[in-house]
There are 2 protein chains.
Amino acid sequence: MRKTQQRKTVLDVVFSSPEHFDADQLQERLPPKGSTDFVSRPTVYRTLSEFVDAGLLRKFELDGRSVYEHDLGYPQNDHLYCMECRKLTEFSSPEVSNFAAQVSAVHQFQMRGHRLIIRGVCADCRQRKRRQRRPVDLI
Amino acid sequence: MRKTQQRKTVLDVVFSSPEHFDADQLQERLPPKGSTDFVSRPTVYRTLSEFVDAGLLRKFELDGRSVYEHDLGYPQNDHLYCMECRKLTEFSSPEVSNFAAQVSAVHQFQMRGHRLIIRGVCADCRQRKRRQRRPVDLI
DNA sequence: TTCTTTGCAAATTCTTTGCACCGAA
DNA sequence: TTCGGTGCAAAGAATTTGCAAAGAA
């Protein structure tokens, strides 16, 4: 595997923030179209795919798009997903993992992994909505 | 809302089986292109969307496609997903629900719902693979 | 008749592929 | 020099939309 400017650029940006992202969000953080170290959309996808294979990132689907997260070496199976700002907050719970293993055993199911997504509205967005609503409520 | 042949046809087929399905799988079970009661692809999507709004079906994303399940009036938040045959087996667990509520509270997160997907290989597919492998192993 | 619903074709969105050129090694 | 890697354009797959014609009420 060759050390190219594109792979370096993507690597830098991907690991400059601990946040989840999709291909679109990543490209927004990469150098724009005129720059010397611009990275094209196909290369973004190809590079992300390589990083997943290399174990640097994990990929999963959300709302029909592919979302990537850093592979921190320990399980990150569980997420709070804000339906307003699309922010993901991750955690991992032995309770859920044990439960999943137990259910799999009962169904003679060979478990390869599991993922719990809790949908809702995050604290920030609730705050924002409350503030926005107040002036109207007072009329 | 008008009573059209298309809506009736889709309704019949959707509720003729308790299985999960995506738009493609549904259309395969609908009358083919020449038939009197053919339903076009856009109408399939529009009708499914109406059924979701009406509370007859629930929709969620899996592997980048939209998957529909019957809304049976009780929670079906948890699924075993076979990566081989794509079969979904559903269940619902108060443990996971309670856990989700508890985590949400800690994060001041307003929970709207949750979904646990356990990925792996179902009992049937394990059987099938074992059978297929045997002749080769004996050589 | 009226106004919703449908089918067709085309547009969108996200992702992947074909291919000629570029550039690490 | 040699292949692997890249950008562009185009292809795909899933879903949605514009619009004129069809058909419930």
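Convention: sequence-line order gives letters A, B, ...; per-chain numbering from 1. The model shown is predicted, which means the values in this text are computed figures rather than measured ones.
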[N] [atom2] sits how many Å from [X] [atom1], rounded?
| X | N | atom1 | atom2 | answer |
| --- | --- | --- | --- | --- |
| A:E28 | C:dC14 | CD | P | 11 Å |
| A:D37 | D:dT6 | CG | C1' | 14 Å |
| B:K8 | C:dT6 | NZ | C1' | 18 Å |
| B:L62 | D:dA13 | CG | C1' | 16 Å |
| A:Q27 | C:dT15 | CD | P | 12 Å |
| A:F51 | D:dG5 | CZ | C1' | 13 Å |
| B:F60 | D:dA14 | CZ | P | 17 Å |
| A:F21 | C:dT15 | CZ | P | 12 Å |

Transitive ILVMFWY cluster of A:Y74 at side-chain heavy atoms under 4.5 Å: who else is in it?
A:L72
Members other than B:V121 in its cluster, when Ile, Leu, Val, Met, Phe, Trp, Tyr link by side-chain heavy atoms under 4.5 Å?
none
Applied to residues 94-124 of chain B, the ring pair (Phe, Tyr, Trp, His ring centres under 6.0 Å) test, sequence neighbours excluded, yields none
Enumerate the ring pair (Phe, Tyr, Trp, His ring centres under 6.0 Å) contacts for residues 19-53 of chain A, please, sequence neighbours excluded, ordered by first and then second residue.
A:H20-A:H79, A:F21-A:Y68
Run the ring-ring contact (aromatic ring centres under 6.0 Å, His included) test against B:F15 and tell me which residues pass, sequence neighbours left out.
B:H70
With sequence neighbours excluded, what pairs up with A:D124 under the side chain to side chain contact (heavy atoms under 4.5 Å, CB included) test?
A:C122
A:D37 meets the side chain to side chain contact (heavy atoms under 4.5 Å, CB included) criterion, sequence neighbours left out, with A:Q5, A:T9, A:P31, A:S35
Counting only heavy atoms not in A:E84, do more than 12 fall under 6.0 Å of its CD?
yes
Where are the stems of DNA chain D, defined as at least 3 consecutive Watson-Crick or wobble G-U pairs with both distances under 3.5 Å?
C:1-25 with D:1-25
Residues B:R58 and B:Q76: side-chain donor-acceptor under 3.5 angstrom:
yes
Each nucleotide in nucleotides 15-25 of chain D should get exactly one letter: B, S or -. Can you fill that in based on protein heavy atoms under 4.0 Å?
BBBB----BBS
